[in-house]
Amino acid sequence: YKALRGYWQTMTDEMQCLEEENNRIFIEAYGLEDELTPDVQLKEITLTCNPHYRYGGDKTNDELEALLLADTMRELISYAVGCMFGRYSLDKPGLVLANQGDTIEDYYQQIPEPSYAPDKDNVLPILDGEWFSDDIVDCFRRFMKTAFGDSNYNENIQFIEMALGKNGKPRDIRDYFLKDFYDDHIKRYKKRPIYWMFSSGDFNALSYMHRYRLDTASVVLNEYLREFRIKIEAHKGRLQALSISSSATEGEKTKAIKEIAKINKLVLELEEYERDTLYPLATKKIEIDLDDGVKANYPKLGSALKSVKGLS
């Protein structure tokens, strides 16, 4: 990041020099030396890598740098998710899978032996724990190890979490994915998201629209929603055993009972989402046409997707 930030600063300084030189040329040509100055303020250098222009206002240099660092880490995470879906690749510049109906086979035709392999079924769960092997947080951690190596992995994760945090406190990467990633994605793509979030509220699964298939909703239903319910029911059984165990402390029993209540509420949410929303959608096998744009296609999946103002 320091290398990148230094490169951006060099670009900004060079642009500032060029604009000031242009000003000098025009001022001299029209004899306006007594009326105008060639100086150009940093906030007038219209590069998004220039925090003085990007954020403006009366913020201090430290505040501007903190904002730029946080946004750059969000952009890194966005790129990583693109690699998870095959939109991008660490092994090839530019777009890889970006046409309607692109498949994992199309990806491997372009990149037979990727250093970081994309997700096979085009569904990445975003949950409060590692319930699946392709949990998006676990995928991100593997991306970081692949992209930047193992030796500084812990320091790199800490660097990102500190950048996303506030007041000197780190922001857990899972907390960011759960609460802010999709909102950031919607803003980045100006309310035309390319990653679509299947969501019941506490159950969330991300899918890439360019790899959408007629059975995508069925994959979310059978491979993730139902599997998740089975797993949390099994976890509930373990908690119930703990809540009546003679070897457990009163504190452990109380905590288990509270968690059982949360799971019961979650199970009802999942059952309702399946019955009323996801199962009916899966049976319809909705077709989309990306030539019509996100605005026309996103509503076709209805309340199965996370609500987006202006789309839902």
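Using a 4.0 Å cut-off between charged nitrogen and carboxylate oxygen, D172 and R174 do not count as a salt-bridge pair.
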**OP:** Report the C-alpha separation of Q41 and H52 in whole Å, then their side-chain angles, then the decisive distance to 0.1 Å, and conclude whether the side-chain hydrogen bond (donor to acceptor under 3.5 Å, both in side chains) test is met.
**Re:** CA-CA 9 Å; Q41 295 183 347; H52 295 272; over 6 Å; no

Subject >> R141/Y153 under side-chain hydrogen bond (donor to acceptor under 3.5 Å, both in side chains): CA gap, chis, key distance, verdict >> reply: CA-CA 9 Å; R141 292 183 182 280; Y153 166 74; 3.0 Å; yes

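In the hydrophobic clustering, F26 connects to I27, Y30, L32, L36, either directly or through intervening members, whenever side-chain heavy atoms lie under 4.5 Å apart. Connectivity analysis of hydrophobic side chains (ILVMFWY, heavy atoms under 4.5 Å, direct or indirect) links I25 to nothing; its cluster partners are none.
Evaluated for a side chain to side chain contact (heavy atoms under 4.5 Å, CB included) with W8, the options L68, N50, D13 yield exactly one hit, L68.
R87 has its side chain out of reach of L97: every pair of non-hydrogen atoms, C-beta onward, lies at least 4.5 Å apart.
Annotation: ring pair (Phe, Tyr, Trp, His ring centres under 6.0 Å) contacts of Y195 (sequence neighbours excluded): F85, H185, Y208. Here Y224 pairs with F132 under the ring pair (Phe, Tyr, Trp, His ring centres under 6.0 Å) rule; sequence neighbours left out. In this view, F143 and Y116 satisfy the ring pair (Phe, Tyr, Trp, His ring centres under 6.0 Å) rule, not counting sequence neighbours.
By the rule that hydrophobic residues join a cluster once side-chain heavy atoms approach within less than 4.5 Å of another member, F148 and I160 end up as members of one cluster.
Residue pairs that meet the side chain to side chain donor-acceptor pair (under 3.5 Å) test with at least one member in residues 280-292, sequence neighbours left out, do not exist here.
Ring geometry, W131 versus F228: the interplanar angle exceeds 60°, so the pair is classed perpendicular (tilted spans 30 to 60°).
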